[in-house]
Amino acid sequence: MADDTDLEALSACALANMARVRPVLDKIADKWTILILTVICPKPARFNEIKRRLDGITHKALADALKRLERNGLVTRTVLPTVPIGVEYAITPLGHSLRQPFEALCGWALAHGEAIHSASTAYDRAREAERA
């Protein structure tokens with residue numbers, strides 16, 4: 001159970017350093033960050049391309065998220081000398097360092113999404129039965 005020991009050590013480290021860990025997680029664990037970085041990780045993309053690939057994101061939400069990612073050093077914004085002027089977003093080396101954990105998280109979501117859906121459905125049914 002070396003993995004459990006590693007997780008216990010990691011958990012203890014995170015708890016001991018919560019004041020330093022939480023602000024960083026707040027910056028990378030929001031609704032759109034993982035998906036945005038996943039879109040631009042392979043190659044830079046323009047705003048509308050990112051928006052098209054992220055079904056459901058609003059113009060404002062994407063603009064705000066990209067500004068936040070640029071501010072936090074995870075994305076660069078380059079104005080292109082085109083007519084009309086274009087803007088391209090690229091991942092920075094710091095942002096790229098998130099690729100492995102984000103890929104693992106996305107893989108986990110794909111592997112366990114149905115189990116989570118089933119658990120939620122069972123929970124909701126149990127609560128409805130209690131109320132009846």
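- A heavy-atom distance below 4.5 Å is not found between the side chains of Arg99 and Ile91.
- Looking at Leu62 and Leu66, their side chains come closer than 4.5 Å, going by heavy atoms from C-beta outward.
- Here CG of Leu37 is found 10.5 Å from NE2 of His96. Values are rounded to the nearest 0.5 Å.
- A distance of 10.5 Å separates CD of Glu114 from CD1 of Ile116, quoted to the nearest 0.5 Å.
- Residues Ile28 and Leu74 form a side-chain contact, since some pair of their non-hydrogen atoms from C-beta on lies under 4.5 Å apart.
- You'll find the side chain of Arg77 reaches within 4.5 Å of the side chain of Val87, heavy atoms only.
- Counting only distance, with no hydrogens or angles, the side chain of Thr121 and the backbone of His117 share a donor-acceptor pair below 3.5 Å.
- Residue Leu69 holds its CG atom at 11.0 Å from OG1 of Thr76, rounded to the nearest 0.5 Å.
- Taking all atoms of both residues into account, the shortest heavy-atom contact from Gly86 to Thr82 is N-OG1, 3.1 Å.
- Every pair passing side chain to side chain donor-acceptor pair (under 3.5 Å) that includes a residue from residues 122-132 is listed here, sequence neighbours excluded: Tyr123-Arg127, Arg127-Glu130.
- Of all heavy-atom pairs between Glu49 and Lys43, the closest is OE2-NZ, 4.2 Å.
- Listed here is the closest heavy atom pair of Ile34 and Cys106: CG2-SG, 4.2 Å.
- Nearest heavy atom pair, residue Leu80 against residue Ile85, reads O-CG2, 3.8 Å.
- The environment of CG in Asp55 is sparse: at most 12 heavy-atom neighbours from other residues, nucleotides or ligands sit within 6.0 Å.
- Closest of all the heavy-atom pairs between Gly73 and Thr92 is O-OG1, 2.6 Å.
- The minimum heavy-atom distance between Ile40 and Ala45, with the atom names listed, is CG2-CB, 4.0 Å.
- For the pair His59/Lys51, a side-chain contact is recorded, criterion being any heavy-atom separation below 4.5 Å from C-beta on.
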